[in-house]
Amino acid sequence: MRITFLGGGRVVRIILGGLQRAGKLPREVMVCDPDEDSLRSLEDEFGVKTSADCSSMEGDVIFLALHPPVLKDVLNKMESPSPESLIVSLAPRIRIEEIQQALDHPKVARVIPNALSLVNRGYNPFSAADELTGTDLEILQSLFEPLGKFPEVSEDKLEAYAVITAMGPTYLWFQLAELEKLAVEFGMSPDEAATAVHSMASGAVEALYSHPNRDMVMDLIAVKPLEDAEDDIRAIYRKSLMRIYQSLTE
């Protein structure tokens, strides 16, 4: 199976890194990108072939790994791929029908990738055109199931998943990192701090989503140091995430 990426940025590194970690990296991978530094880095890390010439795309699976504004421009310049190629967009905003029309190509799917795929714990929802065959879907599953969960969802929901699952780790990581720093200031070693925060965070998620009464679970801890700030934090979430969701759906 020949895999080609149009674009050599973060999302490509996430997917290749997760497949490599799972021992599922395809033998024939081509990455096309005008940035030669990015190409050299990918060559060194993953042993993939690279090219700065992206005018003609070939492969059994062709990933569109570009930001929406760039992708729109590129779609208008791309040659129509082989009829057998499966086109997989990794970008929000640009719908399946728009890609089909721009490339005059029916076999199109969209995936919203998640950075946790790098450690095979991703949540990568997808939508596919009706023209995809059972074999096409099996190919998609073979590439994404090693990266984590791969649910099929309505295309109308993909932008919501982009805000909640694709960008979601960034809402939490800086807070967990700050807790680690505080733990060290309180006297823990860096290793002890990392272990404590990791254990607490993973346990908190498990308790919240496995217990039938989450309100009761949240009420079990008597001292809540951030209670007075909770409404402000919720307002920040709503304002920031609603703004970006609207920008993806307008």
Backbone N/O of [Y] and side chain of [X]: donor-acceptor pair under 3.5 Å:
{"X": "Asn124", "Y": "Phe150", "value": "no"}
{"X": "Thr195", "Y": "Asp191", "value": "yes"}
{"X": "Ser240", "Y": "Tyr237", "value": "no"}
{"X": "Thr249", "Y": "Tyr245", "value": "yes"}
{"X": "Ser210", "Y": "Glu206", "value": "yes"}

When you compare the side chain of [Y] with that of [X], does any pair of heavy atoms fall below 4.5 Å?
{"X": "Met1", "Y": "Ile3", "value": "yes"}
{"X": "Leu75", "Y": "Ile99", "value": "yes"}
{"X": "Leu6", "Y": "Phe63", "value": "no"}

If you measure from the Lys or Arg side-chain nitrogens to the Asp or Glu carboxylate oxygens, is any gap between Arg13 and Glu45 under 4.0 Å? yes
Flag the pair Glu159 and Arg110 as a salt bridge only when some basic side-chain nitrogen lies within less than 4.0 angstrom of an acidic carboxylate oxygen. yes
Would you kindly say whether Ser117 and Asn114 are connected by a side-chain donor-acceptor distance under 3.5 Å? no
Are Arg40 and Thr50 close enough that a side-chain donor and a side-chain acceptor fall under 3.5 Å? no
For the hydrophobic clusters of this structure (ILVMFWY residues joined by side-chain heavy atoms under 4.5 Å, transitively), does one cluster hold both Leu158 and Tyr123? yes
Does the pair Ser41 and Asp44 meet the rule for a side chain to side chain donor-acceptor pair (under 3.5 Å), with working shown? CA-CA 5 Å; Ser41 175; Asp44 293 342; over 6 Å; no
Asp231: which residues meet the salt bridge (charged side-chain N to carboxylate O under 4.0 Å, His left out) condition with it, sequence neighbours left out? Arg234
Among all residues two or more places apart in sequence or in another chain, which pass the salt bridge (charged side-chain N to carboxylate O under 4.0 Å, His left out) test with Asp156? Arg95
Pairwise distance CZ(Arg214) to CG(Asp219) - rounded to 0.5 angstrom: 14.5 Å
Which residue pairs pass the side chain to side chain donor-acceptor pair (under 3.5 Å) test when at least one of the two sits in residues 69-80, sequence neighbours left out? Asp73-Lys77
